[in-house]
Amino acid sequence: MCGRYSLTKPPMRLRVGAEVVPLAMERSRYNVAPMQIAPVVRYRDGQLVTDELRWGLIPAWAKDAKFAAQCINARSETVADKPAFRSAFKSRRCLVPADGFYEWAAMAKQKLPWRFVRTDGEPFLLAGLWECWEPKEQPALREETFTILTTVPNEVTRPVHDRMPVILDAEAALRWLAPEATRETLSALCVPCPSDTLRRFRVSTVVNSARNDLPECVAPVPEQIGFTGI
DNA sequence: CCAGACGTTGTT
DNA sequence: GTCTGG
DNA sequence: CCAGACGTTGTT
DNA sequence: GTCTGG
């Protein structure tokens with residue numbers, strides 16, 4: 001799956017099709033966690049722009065915001081049909097920029113975090129959906145939220161976890177955002193990225209706590225001999 | 001008809 | 001909002 | 001995703 | 001055990 005990620009080197013230039021979308025951020029994020037605000041790329045007034053949304057999708061019809069924590073990811077295999085996601089899948093697709101993501105390997109009672117980055121050092125564009133939630137009785141609570149799609153793992157992620165985020169290259173990213181894209185076209189994009197585009201390494205359990213948004217979260221640590229967690 | 005759910009992951 | 005279950 | 005809380009009343 | 005918060 002994808003329950004944490006990073007954006008460590010702003011400002012970044014995100015290549016989407018032939019366009020380059022600038023991503024300006026006030027500070028580096030080493031540990032972006034669910035329920036936090038993070039940038040997404042989407043069409044607004046016909047332009048590709050970045051906007052800050054909350055991670056954890058709340059369907060427009062939800063009675064309260066509790067839905068968010070359960071909807072940090074959407075399974076790409078079923079997203080077109082699930083009540084919570086199908087509307088956003090049809091008309092509110094977005095890209096979630098990241099330059100690394102984390103997965104935990106569970107073994108015995110320990111959970112050890114691994115970090116995944118692109119071998120070419122470029123940022124990821126993750127397939128996402130967004131929604132706008134505005135309770136009638138409390139319009140002030142209006143909020144835009146997003147979720148990240150998942151798919152089956154590739155060779156690099158499989159030893160750590162049985163799900164991984166849908167990672168799009170520049171061309172696939174443009175097709176993901178195309179307003180008139182068909183369900184079939186979109187489904188074809190939701191596959192694991194090639195294994196040679198990813199590498200993994202152990203990081204400190206400092207990343208475990210969402211309160212620790214520190215450079216230490218992204219630093220490699222030695223794998224314990226005889227116990228890597230995978 | 002109305003009521004109630006609507007989600008993912010991991011673990012056992 | 002829309003579908004499923006009763 | 002993981003970490004941390006999980007409760008009420010009354011008093012300052 | 002289960003929910004909330006980050």
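All values below come from the heavy atoms of this structure, side chains included, with hydrogens, waters and symmetry mates left out. Chain A is the first sequence line, chain B the second, and so forth, proteins listed ahead of strands; every chain is numbered from 1.
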CD (E52(A)) with more than 12 external heavy atoms under 6.0 Å: yes
Sugar-phosphate, base or nothing in reach of D213(A), heavy atoms under 4.0 Å: nothing
Touch class at under 4.0 angstrom, heavy-atom based, for P34(A) against every strand present: base
Residue-phosphate contact under 4.0 Å: S209(A) side-chain N/O, dG6(E) OP1/OP2: no
Salt bridge present between R199(A) and D120(A) (N-O < 4.0 angstrom): no
Rounded distance (Å) that lies between atom C1' of dG6(E) and atom OH of Y5(A): 13 Å
Side chain of Q36(A) - closest among dG6(E), dG7(B), dC3(C): dG6(E)
Derivation of the salt bridge (charged side-chain N to carboxylate O under 4.0 Å, His left out) call for D99(A) and R29(A): CA-CA 10 Å; D99(A) 61 6; R29(A) 296 299 313 275; over 6 Å; no
Ion pair check, R27(A) and D213(A), cut-off under 4.0 Å: yes
Candidates dG6(E), dC3(C), dT8(B) - which lies nearest the side chain of R86(A): dC3(C)
Separation of dG7(B) P from L149(A) CG (nearest whole Å): 13 Å
Sugar-phosphate only, base, or nothing, as touched by T147(A) at under 4.0 Å among non-hydrogen atoms: nothing
Integer-rounded Å distance: dG7(B) P and R75(A) CZ: 12 Å
dG5(E) pairs with, by Watson-Crick or G-U criteria that keep both distances under 3.5 Å: dC2(D)
NZ/NE/NH1/NH2 to OD/OE distance under 4.0 Å, E144(A) and R42(A): yes
Any K111(A) side-chain N or O less than 4.0 Å from OP1/OP2 of dC2(D): yes
Phosphate contact (dT9(B) OP1 or OP2) by R163(A) side-chain N/O below 4.0 Å: yes
Distance below 4.0 Å between K66(A) side-chain N/O and dT4(E) OP1 or OP2: yes
Among dG6(E), dT9(B), dG7(B), the nucleotide that comes nearest once only the side chain of M35(A) is considered: dG6(E)
Protein-nucleotide distance (K90(A), atom NZ; dG1(C), atom P), rounded to Å: 14 Å
Out of dT2(C), dT4(E), dG4(D), whichever nucleotide has its closest atom nearest the side chain of R211(A): dG4(D)
Sugar-phosphate only, base, or nothing, as touched by S76(A) at under 4.0 Å among non-hydrogen atoms: nothing
Interatomic distance at C1', dC6(B) relative to dT8(D), whole Å: 34 Å
Test item: side-chain donor near acceptor, R175(A) and T185(A), under 3.5 Å: no
N212(A) CG - dG6(E) P separation (whole Å): 14 Å
Spacing of the P atoms in dG4(B) and dG10(D) (rounded, Å): 35 Å
Nearest-nucleotide pick for F67(A), side chain only, options being dG6(E), dT8(B), dC6(B): dC6(B)
dT9(B) and dC1(D), which share atom name P, separated by this distance in whole Å: 8 Å
Sugar-phosphate only, base, or nothing, as touched by F85(A) at under 4.0 Å among non-hydrogen atoms: sugar-phosphate
Touch class at under 4.0 angstrom, heavy-atom based, for I72(A) against every strand present: base
N or O in side chain of R4(A) less than 4.0 angstrom from dG6(E) OP1/OP2: no
Nucleotide opposite dG7(D) in a Watson-Crick or G-U pair, distances under 3.5 Å: none
Interatomic distance at C1', dC3(E) relative to dG7(B), whole Å: 15 Å
From dG6(E), dT9(B), dA3(D), nucleotide with atom closest to A33(A) side chain: dG6(E)
Distance, rounded to the nearest Å, where R92(A) contributes CZ and dG1(C) contributes C1': 11 Å
Side chain of P83(A) - closest among dG7(B), dG6(E), dC1(D): dG7(B)
Whole-Å gap separating C1' (dG5(E)) and CD1 (I37(A)): 14 Å
Greater than 12 external heavy atoms within 6.0 Å of E134(A)'s CD: yes
Sugar-phosphate only, base, or nothing, as touched by W61(A) at under 4.0 Å among non-hydrogen atoms: base
